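Note sheet for the following structure.
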Amino acid sequence: MWQRVRFAWGNLWRKPLRSSLLVASTAITASILFLSYFFLLSVDKGLTASQARFGADVMVVPKSYGAVAEQVMISGETSPFYMPSSVLDKLRQIPEVEQVSPQLYLATYSGVCCQIQGDFSVVAFDPGSDFTLKGFRSEVGHKMTSDSLLIGSEAGGRNAIAHMKYQAYRERLNLFGHDFEVAQVLFPTGTGADHTIFMSLDKARTLDVKAPPDSISVALVKTKPGDEEFVKRQIERTVPDVAAVTGAKIRDTMNKQLRPMRLLSYAMIGIVLVMAALQAMTLFSALVQERMREIGMFRAVGAGAWAVYRLFLTEAALAALAGGGIGVFAVATTLYDNQGLLLKSFTLPLVFPTLASMSVLAVSALLVTMCIGMLAAAVPVHRILRRNPYDAIREGES
Amino acid sequence: MIELLGVTKTYQGPWNGGSRERVRGRDVPDYLERKRQIHALAGIDLRIEQGEFVAIMGPSGSGKSTLLSVIGLLSQPTEGAVFIDGRDMTQLRERERTRLRARRIGFVFQFPSLVNTLNVRENVLLPILLRGSVTKSDRMRADALLARVGLTDRGEDRSFTLSGGEQRRVALARALMGDPPLLLADEPTGALDEETAEEMMGLFSRLQAEGKTVVMVTHDRSLTRYANRTVKIQSGVIET
Ligand SMILES: Nc1ncnc2c1ncn2[C@@H]1O[C@H](COP(=O)(O)OP(=O)(O)OP(=O)(O)O)[C@@H](O)[C@H]1O
Ligand SMILES: [Mg+2]
């Protein structure tokens with residue numbers, strides 16, 4: 001096995017210039033594949049997260065604010081209105097409700113957070129039951145404790161994100177007479193959450209805040225799929241003094257708006273693949289055609305069709321692996337090193353894939369390029385193998 | 001025992017360039033039929049006994065290499081049959097012919113045929129390298145064969161650093177790697193000086209003495225004395 005791989009590798013470098021071109025072209029193919037899928041994945045993940053944030057499935061507010069509820073849901077801004085937290089228990093009793101998470105508006109903080117001056121809403125959320133902010137939290141940062149804060153990208157997050165990966169980085173903020181540490185950052189959501197500073201609900205209850213004791217501002221509800229409308233009606237019937245709005249409509253419009261873009265991206269990836277395959281085939285058929293005599297000779301010394309395929313496919317796989325490896329590695333490290341920069345330059349909600357899914361993506365990009373290369377090699381080899389070995393030797397002689 | 005019966009090999013003229021097989025069996029359009037046909041072999045009947053040393057002679061372009069390639073199962077005749085040990089080779093599947101080439105036949109080409117990315121020993125081991133993996137005993141056998149063709153201690157050299165005659169001898173060692181009972185050599189002494197040529201002929205004689213069948217194409221009349229029999233070929237036909 002190793003002997004053959006070494007042999008194939010040696011053959012590859014018999015024509016250094018040509019092989020370098022081959023490796024370079026596979027590097028580009030692999031990196032384009034990787035890059036486009038990476039962004040597609042990031043945007044998709046960001047969208048899923050936004051959709052969740054935009055209002056979960058159903059959002060519950062005090063009855064007197066029912067008129068502005070939809071507005072609140074779209075903007076994602078928690079506002080200074082209150083209802084008793086006992087609402088939560090009533091909501092949980094509805095069988096079609098899967099998750100309920102409260103948020104409590106505390107105050108508007110005017111000041112500087114991470115070198116950004118402004119007015120920021122301070123909101124308490126329950127990290128235990130939260131499902132709307134979860135998708136937006138950056139991977140880097142410190143563990144969330146009751147003494148730590150989660151800040152939106154416009155509330156200093158953009159400045160902080162680049163430093164978050166350094167353990168020594170500590171940004172402190174004094175709220176309600178208590179010293180907090182900025183532990184994590186939210187990726188841009190395009191909603192009011194971007195201007196918000198979040199702390200845990202448990203901590204907020206111990207502080208001297210204006211909100212009535214044991215109250216919440218909104219309850220975000222996740223329902224069983226398709227049950228949004230039903231749950232909304234159920235809530236309005238069984239829970240007194242609240243209004244409920246659904247996020248279904250908002251989500252639908254967003255999906256519709258984004259479908260062409262997504263289709264376009266997939267079409268682009270398809271075109272790149274076809275182009276790469278054609279290019280690889282051109283290069284390979286020239287390379288293989290030149291070695292027609294050699295193939296005939298291999299068969300003359302007793303190598304069967306499979307042995308010849310194996311050698312050439314190994315060569316193709318090695319070239320693709322080398323090129324693809326270089327391409328994917330270069331792109332992946334550049335992306336990973338510049339997460340902060342990318343976030344700053346993109347206005348779209350963008351959530352980076354985890355390291356694990358990035359690795360899966362990298363390996364898949366490599367495999368796809370490898371398949372293209374091997375297919376490209378197999379076709380001309382097949383053509384030559386159909387001839388008499390002696391004819392191949394003679395015709396390849398010139 | 002090898003027997004050729006009415007073996008014909010026809011090539012199409014320069015127009016389509018492809019081999020005859022591609023045309024055969026389909027409706028051949030008129031303009032192809034009218035094309036010039038090259039009869040590289042035109043009805044060859046030949047019988048070679050086990051353990052014989054046969055020399056094939058003839059002018060350039062008479063079909064010697066083509067004949068050798070048909071015997072060596074490297075090309076299918078257009079017509080006729082090739083029997084090896086009583087079996088018609090033209091009826092076998094390609095897979096079966098490959099197996100026979102690997103086990104029964106050693107071929108030395110008229111032109112340089114070494115792989116220049118490999119060293120000399122690896123070239124000798126090429127048949128094994130392509131089919132499976134090379135073991136230590138294979139390597140020792142390769143070195144022994146290199147010694148036998150007079151290239152002791154050259155195993156590590158890159159193959160292109162060898163002279164033409166040395167490369168020819170490496171090719172012979174490679175042909176012998178599978179210990180085939182049939183050795184086919186196309187002008188093995190082509191570029192060699194008289195002395196080296198005689199040496200190689202001595203080697204062929206010894207191989208014959210070991211029981212191998214040797215078929216050799218040559219232009220050199222003086223070398224035919226090593227052979228049991230000389231077959232003369234002219235324009236694809238055997239002269240009697
Ligand atoms: N693939 C081919 N297509 C067309 N013609 C061919 C092909 N192969 C061989 N021929 C023709 O067949 C004839 C015999 O060729 P062959 O190589 O067998 O001659 P040879 O006796 O070995 O000659 P030399 O001594 O010069 O090597 C030649 O006229 C050659 O042009
Ligand atoms: Mg010849």
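Bear in mind that the values here come from a model prediction, so they are computed numbers and not experimental data. Here is the naming used below: chain letters follow the sequence lines, and residue numbers restart at 1 for every chain.
- The shortest non-hydrogen separation linking B/Leu74 to A/Asn388 is O-CB, 3.6 Å.
- For B/Met1, the CE atom counts as densely surrounded, since its 6.0 Å shell holds more than 12 non-hydrogen atoms of other residues, nucleotides or ligands.
- A/Phe329 CZ: 12 or fewer foreign heavy atoms inside a 6.0 Å radius.
- Of the possible donor and acceptor atoms, one in the side chain of A/Arg310 sits under 3.5 Å from a partner among the backbone N and O of B/Leu130.
- A side-chain donor-acceptor contact under 3.5 Å links B/Arg101 to the backbone of A/Arg299.
- Scanning all heavy atoms of the two residues, the minimum distance from A/Gly304 to B/Thr98 falls at CA-CG2, 3.3 Å.
- Atom-to-atom distance recorded for B/Thr66:OG1 and A/Asp391:CG is 9.0 Å, nearest 0.5 angstrom.
- When heavy atoms are compared at a cutoff of 4.5 Å, B/Arg103 does not approach chain A at all.
- Here A/Ala300 is the residue among A/Gly10, A/Gly296, A/Ala300, A/Ala305 with the most heavy-atom pairs under 4.5 Å with chain B.
- Of the inter-residue distances, the one linking A/Ile393 atom CD1 with B/Gln110 atom CD reads 11.5 Å to the nearest 0.5 angstrom.
- Across every non-hydrogen atom of A/Val301 and B/Arg131, the tightest pair is O-NH2, 4.2 Å.
- Smallest separation of non-hydrogen atoms from A/Arg4 and B/Gly132: NH1-O, 3.2 Å.
- Summarising the geometry, atom OG1 belonging to B/Thr117 is positioned 13.5 Å from atom CH2 belonging to A/Trp9; distances are rounded to the nearest 0.5 Å.
- Here the straight-line distance linking atom OG of B/Ser69 with atom CZ of A/Arg394 works out to 8.0 Å at 0.5 Å rounding.
- The closest side-chain heavy-atom distance from B/Val70 to A/Tyr390 is not below 4.5 Å.
- A/Arg14 places a side-chain heavy atom less than 4.5 Å from the side chain of B/Val115.
- To the nearest 0.5 Å, the span separating CE on A/Met297 from CG on B/Leu126 amounts to 6.5 Å.
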